2 protein chains.
Amino acid sequence: MSKPKHHIFVCTQNRPPQHPRGSCAAKDSMAVLQAFWAELQKRQAYEQVGVTYSGCLGPCEHGPNVLIYPEGVLYNGVAPADVEEIFTSHIENGQPVKRLLAAESVW
Amino acid sequence: MSKPKHHIFVCTQNRPPQHPRGSCAAKDSMAVLQAFWAELQKRQAYEQVGVTYSGCLGPCEHGPNVLIYPEGVLYNGVAPADVEEIFTSHIENGQPVKRLLAAESVW
């Protein structure tokens, strides 16, 4: 990966089932990660976009969490079905997907 | 974690010992991650700095790799002994540590 224009981090933190914080992995964030990788491949956007999994990004209760740099936009509650919209609206057209944005109290 | 001023990603990707790409984990990047977390605690910089582990950042042969956003600075070959300098020079004084910067051909 050369320096990407947008770098998408998908939290895949896991925790035991009884853990009070829960985790993004327990909310199937691996499927979100795979959807991002599939979309990256579909669009052949490897030179412009990086997709990387990450450890905990903080607001576990609102996961799956997806963080995009350098703009520093955090999305909460992302599902595989949201990935195409994030690519088209945010990555291609520079318009973050408002309905998924983390609240100011969170990020 | 609220939105950090600097977000440090430490690659902790692992691969089998015989894998041709090697991995940052095989070069003890977990110790680098722990050094960043310890320095974060020492400086009580939780409001300004995020430290998160990540999957592969690309140039495995030059690892351990550390990527800092939003500035998009990639460091190669980071050792635990480099962490204090990265905090003091880069994070506190805005001067990236030149000797550790990834080459332009890499990033």
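Because the structure is predicted, anything quoted here is derived from the model rather than measured. Just so we're on the same page: letters track the sequence lines, and every chain starts at 1.
Note: the hydrophobic cluster containing B:L67 does not contain B:F36 (ILVMFWY, side chain heavy atoms under 4.5 Å, direct or indirect links). Transitive grouping of hydrophobic side chains (ILVMFWY, heavy atoms separated by less than 4.5 Å) keeps B:I68 and A:I68 in distinct clusters. A:V10 and A:L74 are not part of a single hydrophobic cluster, where members link through side-chain heavy atoms under 4.5 Å apart. Linking Ile, Leu, Val, Met, Phe, Trp and Tyr residues whenever their side-chain heavy atoms come within less than 4.5 Å leaves B:F9 and B:L33 in two separate clusters.
Of all residues spanning residues 97-107 of chain A, those with a heavy atom less than 4.5 Å away from chain B's heavy atoms are A:V106, A:W107, arranged by number. Using non-hydrogen atoms only and a strict 4.5 Å limit, the part of residues 49-66 of chain A facing chain B consists of A:T52, A:Y53, A:S54, A:G55, A:C56, A:L57, A:G58.
Minimum heavy-atom separation, A:Y69 to B:P4: OH-CG, 3.9 Å. Residues A:E71 and B:K3 come closest through the heavy atom pair O-NZ, 4.0 Å.
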